[in-house]
Amino acid sequence: MDKVFNTPLAHLLGALLVLLAPIFLQGVEGTIGVNYGTVADNLPPPVQVASFLRESTFIRRVRLFDANPEILKAFANTGISVTVNVPNDLIPQLTMLSFAQQWVEINVLPYVPATNIVRILVGNEVISTANKLLIVSLVPAMETLHAVLVEKSLDRHIQISTPHFLGILSNSSPPSTGKFRPGYDIHVLKPLLDFLRATNSPFMVNPYPFFDSSDNTLDYALFRPNSGVFDETTQLTYTNMLDAQLDAVFSALKLLDFEDIEIVIAETGWPSRGDPGQAGVDTGIAAEYNRKLIQHVMSGIGTPLMPNRTFETYIFALFNEDLKPGPTCERNFGLFKPDMTPVYDIGILHPRVANAAANTDHSRTNLLLLLLVCLMCF
């Protein structure tokens with residue numbers, strides 16, 4: 001099998017997939033979403049963003065990191081599925097029925113059904129905070145919030161889940177040995193998984209091959225031809241890091257007898273800019289990862305342990321966010337600039353918009369060349 005993946009034919013097929021990505025996207029719009037973060041001071045008004053996504057892209061799913069009223073109003077009557085987020089610090093209060101009712105009355109009821117809110121996420125990467133109060137309150141908060149949705153007859157339309165950092169795994173390599181951290185597995189994750197199964201909601205994870213890659217594993221992280229990683233237990237070969245990460249999560253779920261629960265990729269992405277000397281970070285590589293990510297999760301191939309399936313996936317992020325703290329890469333995960341022109345092309349724009357953007361880029365290039373020639377003449 002490894003020989004097949006490294007043949008010229010395989011490379012040609014890969015190139016064809018890149019060229020045909022926009023065609024594939026038209027048929028499976030619901031699979032790919034974006035994370036709409038707002039830690040910036042230069043972003044366009046939400047109403048423009050909603051209109052842009054609806055009219056100019058194939059994106060039909062958006063995840064917010066809060067329940068911003070202006071954004072929720074902006075997505076009304078667009079048909080775009082919206083996921084809202086309860087911040088971590090409200091989780092303990094959300095265990096109280098009165099507070100959960102108030103939260104839903106303020107952040108959900110005024111906007112549905114015009115705005116298609118399909119999921120509420122309770123916190124983000126809560127277990128990785130190591131905050132005992134947040135962790136012990138997580139499942140009770142989700143249960144209380146669900147009770148309110150039942151009360152309002154919204155439970156059949158709005159799911160409740162919470163995204164996880166892959167650090168919840170105590171072991172992930174090889175993927176067949178994936179298991180959750182001791183203590184959290186039985187006391188937190190099993191009750192959480194019981195809730196997800198009972199409410200037909202997904203287990204959500206934030207896999208980032210970028211953060212686990214190095215010069216030696218860059219091809220593996222970027223879906224490029226490589227020698228692969230062999231799992232001796234299952235006798236399966238992994239040709240990309242994302243599959244290995246997802247199958248490690250699947251193995252951990254299986255160990256607790258929850259392999260039937262759907263896995264959703266809540267966040268993944270690749271920055272287009274980093275600090276000086278940082279390897280594997282530029283617009284070309286970011287475009288390569290996100291293009292191949294889309295092709296892979298929509299292909300129906302699945303993973304070695306989860307074959308013949310697609311994955312609902314949210315790319316991080318919609319925009320570069322100039323106020324995010326940390327290294328340069330944290331501010332440069334965006335697919336689009338604040339003026340809504342693409343940082344790079346991954347095939348999510350409607351053809352007419354993509355052509356206009358390409359023509360603009362060509363015009364800029366030609367103008368720069370003309371200026372350069374003029375300078376040379378002086």
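The basis for the numbers below is simple: all heavy atoms, side chains too, and nothing from hydrogens, waters or symmetry mates. The structure presented is a predicted model; accordingly, all values stated were derived computationally and were not measured.
- Side-chain contact of Ser214 with Asn216: a donor-acceptor pair under 3.5 Å is absent, judged by distance alone.
- Judged purely by distance below 3.5 Å, without hydrogens or angles, the side chains of Tyr208 and Glu267 pair a donor atom with an acceptor atom.
- Every residue meeting the salt bridge (Lys or Arg N to Asp or Glu O under 4.0 Å) condition with Lys190, not counting sequence neighbours, appears here in chain and number order: Asp194.
- Legend: ring pair (Phe, Tyr, Trp, His ring centres under 6.0 Å) pairs involving residues 126-147, not counting sequence neighbours, sorted by first then second residue: His146-Phe195.
- For Asp260, the salt bridge (Lys or Arg N to Asp or Glu O under 4.0 Å) test picks out Arg197, with sequence neighbours left out.
- Defined by atom type and a distance below 3.5 Å, a donor-acceptor pair is present between the side-chain atoms of Thr268 and Tyr289.
- Between the side chain of Gln159 and the main chain of Arg119, no donor-acceptor pair closer than 3.5 Å is present.
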Donor-acceptor pairs are to be reported for all side-chain atoms of residues 79-90 against protein atoms at under 3.5 Å, with residues two or more places apart or in another chain.
| from | atom 1 | to | atom 2 | distance (Å) |
| --- | --- | --- | --- | --- |
| Ser81 | OG | Asn116 | ND2 | 3.2 |
| Asn85 | OD1 | Arg63 | NH2 | 3.1 |
| Asn85 | ND2 | Leu121 | O | 3.2 |
| Asn85 | ND2 | Gly123 | O | 3.2 |
| Asn88 | OD1 | Asn124 | N | 2.7 |
| Asn88 | ND2 | Asn124 | O | 3.3 |

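- The side chain to side chain donor-acceptor pair (under 3.5 Å) check on Ser213 picks up nothing, with sequence neighbours excluded.
- Judged purely by distance below 3.5 Å, without hydrogens or angles, the side chains of Ser176 and Asp231 pair a donor atom with an acceptor atom.
- Residues forming a salt bridge (Lys or Arg N to Asp or Glu O under 4.0 Å) with Arg224 (at least two apart in sequence, or on another chain): Asp219, Glu288.
- Tested against Leu335, the residues Leu318, Ile348, Thr57 include a single side-chain contact (heavy atoms from CB on, under 4.5 Å) partner, Ile348.
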